Amino acid sequence: MTAAKEQLLPVVSDVIADLNHKPGALLPILHEIQNRLGYIPPESVPLIAESLNQSRADIHGVISFYHQFRSTAPGKHTVEVCRAEACQAMGSRQLEAHAKATLGVDYHGTTSDNNITLEEVYCLGNCACSPSVRINDEIVGRVTPDKFDQLIDGLRSQTLEVL
Amino acid sequence: MSSPVTIYIPRDTTALAMGAERLAEEIAAEAAKRGESVEIIRNGSRGLFWLEPLIEVDTLDGRMAYGPVDSQAIDSLFDQGFLQGDTRHPLCQGLTEAIPYLKKQQRLTFARAGITDPVSLADYQQLDGFNGLKKALQLDGQQIVDEVKASGLRGRGGAAFPTGIKWQTVLDAVSPKNQKYIVCNADEGDSGTFADRMVMEADPFMLIEGMTIAGLAVGADQGYIYLRSEYPVAYQILNEAIANAEAAGFLGDNILNSGKNFHLEVRLGAKAYICGEETSLLESLEGKRGMVRAKPPLPAIVGLFGQPTIVNNVLSLAAVPYILSQGGQAYADYGMGRSLGTLPFQLAGNIKRGGLIELAFGVTLRELLEEYGGGTFSGRPMRAVQVGGPLCAYLPESQWDTPMDYESFQAIGAALGHGGIVVFDDTVDMSAQARFSMEFCVAESCGKCTPCRIGSTRGVEVIDRIRNDENRAANMELLDDLCDTMIYGSLCAMGGMTPFPVQSAVKHFPEDFQQPAHNNGARS
Ligand SMILES: Cc1cc2nc3c(=O)[nH]c(=O)nc-3n(C[C@H](O)[C@H](O)[C@H](O)COP(=O)(O)O)c2cc1C
Ligand code: SF4
Ligand code: FES
């Protein structure tokens, strides 16, 4: 997501106005902001705090507690590699090493072309056909290093078409 | 033109992960090209995951199964008459219902899974759907709770607490604001488990019905499903199902003209394992950090927003429609001792035939591993099996004849948890597995208590030293002390049970801690 900075805050305000009536509205608000913008811009924290009548520290504390929420823009695609036991039993440790090496980033890092952000995940519920990887909202099973490379190639050519 | 042939292609996560979406498009295109009239129904999965994508074709004799199907097989399937249910194709598995893996199961909760279109109310009702709700609408709250008590159902989320007793507490609790809640724990964080996911993706109305019955039982008109965000497909299907149920009057205001209301909303988690712990989950639902609350007070008395709340696992709530429609006794007729009913076991990891196996309690682990699972995926010898998730023990072969029931597992220092079974072959390095248990606790601890937060960090360091052959004996002793501190000094089972997989690895696989780590791994 690459919305310009000045376009961010109106989106944040819209989301807050849509959702702040809900009981326990904070997580739905954070999810929706990240959904639309790819991350939760630090500038949105005061707006959320004011609307929910909480302190900025409270909001910040929640954002930092959950692994999913991020405060910086991710790459165009997010690739999550499952690190949990059922995937380990099928070679996910090697897959993790391969993913980091081929993308040239560690977890939470984004490739230099800004295309792919690598994340870790603990189980995608696909444990009978592991190892598993999630690419944006799609889950893929039985991911060998070769298959991983094909998936990444697919993402890269997809981006080229758009350009 | 002849009437269209019905083809079933699942929209379940694992089926999709193995290519079902593209397959559905390609089969539709191929049928059009050949002038064949077909209707493709996107069903749930049968849970025979090693056969996914498993495609079924309606025939006069029943549904014929083909799997695992990939793009390359489409041409030959058409050529060899799969639309007529021809059995010649090498991927033909025979009639689905006759596949031994499925046929031998005792499916109560998963009776409809994979048979129906998950969001079709007509399909659901044709196979007993909403009979439990209709029954419940004729009973008062106490009578509903009594039926659940009679079933002997114990919570399927891991702690195995009797569901009927929990419901009684909420029924009896007085809410100062006249508001009670039903919360479904759909955080399913344990590796090796996918039964909750399958309920939500294959038969979501069953969960909706179970939660509605719970609402009627205790007088709650609002429910939340707290769903982990790692399940995007379940999120989509649940929301479709809720919308359909509301539109047809099974959910919302004035359910089936009874004058009773029950509203339901799905809320997403945000990648935090600890939010599966019920009080952390409630904090998260309230919009806070998922810090574990001290108990008492129990959530049943002071729960969501301070009000009396039922928190139940997906499978516990999903068992309720059957219990109401068939009677608690019918459910209690399955199982053994104090482990009554069925448990959906989930075979995962390095296993040839992974999938969901619903059986009465009491089957042995070995039967599941060998008869159902068919050995490892890699073909190498099986070495260690972790049952019950990341906080439970690794079992060596000498323990595989243990019957799968709560008490027998407790007796060997293990637990069934949520029924997940993760298989490892002989290339596993058990000191690496022990290290991961500690590492996972570092990543996922809520941070409230020192033994969990600091203990796990120290645990990783100590195991690293053991693996590097530094002061082995002293560090082994230190690890033991550390485990004890975590077990006895932690507020919840995250810190309190993380030592179980670690200690079981040390106890049953000592050789993996006795040599430099780089010598470990495959032993022939
Ligand atoms: C660290 C931790 C994680 C847990 N994760 C889950 C979970 O993902 N799903 C679940 O249903 N219960 C989980 N539990 C158990 C819940 O705290 C609680 O016992 C359960 O939701 C009650 O429902 P039940 O009685 O129907 O099992 C977890 C407990 C702990 C300590
Ligand atoms: S044991 Fe760990 S997860 Fe549980 S309350 Fe303490 S710090 Fe939090
Ligand atoms: S452990 Fe990787 S999908 Fe479950």
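Treat the numbers as computed from the prediction; the structure is a model and nothing was measured. Residue numbering restarts at 1 for every chain, and letters A, B, ... go by the order of the sequence lines.
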[X] portion near chain A, given a 4.5 angstrom heavy-atom threshold:
{"X": "B:A432", "answer": "both"}
{"X": "B:E439", "answer": "side chain"}
{"X": "B:Y394", "answer": "side chain"}
{"X": "B:S284", "answer": "both"}
{"X": "B:T193", "answer": "backbone"}
{"X": "B:Y273", "answer": "neither"}
{"X": "B:V233", "answer": "neither"}
{"X": "B:A443", "answer": "both"}
{"X": "B:E286", "answer": "backbone"}
{"X": "B:R353", "answer": "neither"}

Test item: side-chain donor near acceptor, A:E85 and B:Q433, under 3.5 Å: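 A:E85 vs B:Q433: no donor-acceptor pair found between side chains.
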Minimum heavy-atom distance [X]-[Y], with the two atoms named:
{"X": "A:S64", "Y": "B:R289", "result": "OG-NH1, 4.0 Å"}
{"X": "B:G354", "Y": "A:A128", "result": "C-CB, 3.8 Å"}
{"X": "A:C129", "Y": "B:M18", "result": "CB-SD, 3.8 Å"}
{"X": "A:L27", "Y": "B:L268", "result": "CD2-O, 3.9 Å"}

So, taking the atom named [atom1] in [X] and the one named [atom2] in [Y], what distance separates them when rounded to the nearest 0.5 Å?
{"X": "B:Y231", "Y": "A:D137", "atom1": "OH", "atom2": "CG", "value": "15.0 Å"}
{"X": "B:T13", "Y": "A:N126", "atom1": "OG1", "atom2": "CG", "value": "7.5 Å"}
{"X": "B:C446", "Y": "A:F65", "atom1": "SG", "atom2": "CZ", "value": "6.0 Å"}
{"X": "A:C123", "Y": "B:E230", "atom1": "SG", "atom2": "CD", "value": "8.0 Å"}
{"X": "B:D190", "Y": "A:C127", "atom1": "CG", "atom2": "SG", "value": "9.5 Å"}
{"X": "A:S130", "Y": "B:N350", "atom1": "OG", "atom2": "CG", "value": "8.0 Å"}

Does the side chain of [X] reach to within under 4.5 Å of the side chain of [Y], using non-hydrogen atoms?
{"X": "B:P232", "Y": "A:I139", "answer": "yes"}
{"X": "A:H67", "Y": "B:E444", "answer": "yes"}
{"X": "B:F424", "Y": "A:M90", "answer": "no"}

Could you check which of [options] has the highest count of heavy-atom pairs closer than 4.5 Å to chain A?
{"options": "B:F49, B:F436, B:Y224", "value": "B:F436"}
{"options": "B:P390, B:G355, B:G192, B:G290", "value": "B:G290"}
{"options": "B:A270, B:A348, B:G287, B:G349", "value": "B:A270"}
{"options": "B:D12, B:I274, B:V422", "value": "B:V422"}
{"options": "B:M291, B:E21, B:R228, B:M198", "value": "B:R228"}
{"options": "B:A272, B:S378, B:S229", "value": "B:S229"}

Residue-level contacts of residues 10-25 of chain A with chain B, using a heavy-atom cutoff under 4.5 Å: A:K22, A:P23, A:G24
Trace of the side-chain contact (heavy atoms from CB on, under 4.5 Å) decision for B:K271 with A:V121: CA-CA 8 Å; B:K271 286 176 87 173; A:V121 64; 4.0 Å; yes
[X] atom [atom1]: more than 12 heavy-atom contacts under 6.0 Å:
{"X": "A:D153", "atom1": "CG", "value": "yes"}
{"X": "A:H60", "atom1": "NE2", "value": "no"}
{"X": "A:E50", "atom1": "CD", "value": "no"}
{"X": "A:K147", "atom1": "NZ", "value": "yes"}

A:S92, part contacting chain B, at a heavy-atom distance under 4.5 Å: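 A:S92 has no heavy atom closer than 4.5 Å to chain B.
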Whether A:H31 side chain and B:R267 backbone form a donor-acceptor pair below 3.5 Å: no
Side chain B:S191, main chain A:A84, donor-acceptor under 3.5 Å: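 Checking the backbone N and O of A:A84 against the side chain of B:S191, no donor-acceptor pair under 3.5 Å is found.
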Within residues 118-132 of chain A or reaching into it, pairs that qualify as salt bridge (charged side-chain N to carboxylate O under 4.0 Å, His left out) - sequence neighbours excluded: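 Checked against salt bridge (charged side-chain N to carboxylate O under 4.0 Å, His left out) - neighbours excluded - the pairs reaching residues 118-132 of chain A are A:R70-A:E119, A:R83-A:E120.
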Pair A:Y122 and B:F440, ring centroids less than 6.0 Å apart: yes
Chain B interface, residue from A:E80, A:E138, A:R93 that has the most non-hydrogen pairs under 4.5 Å: A:R93
Top of A:P28, A:A86, A:G141 for chain B proximity - count of heavy-atom pairs under 4.5 angstrom: A:A86
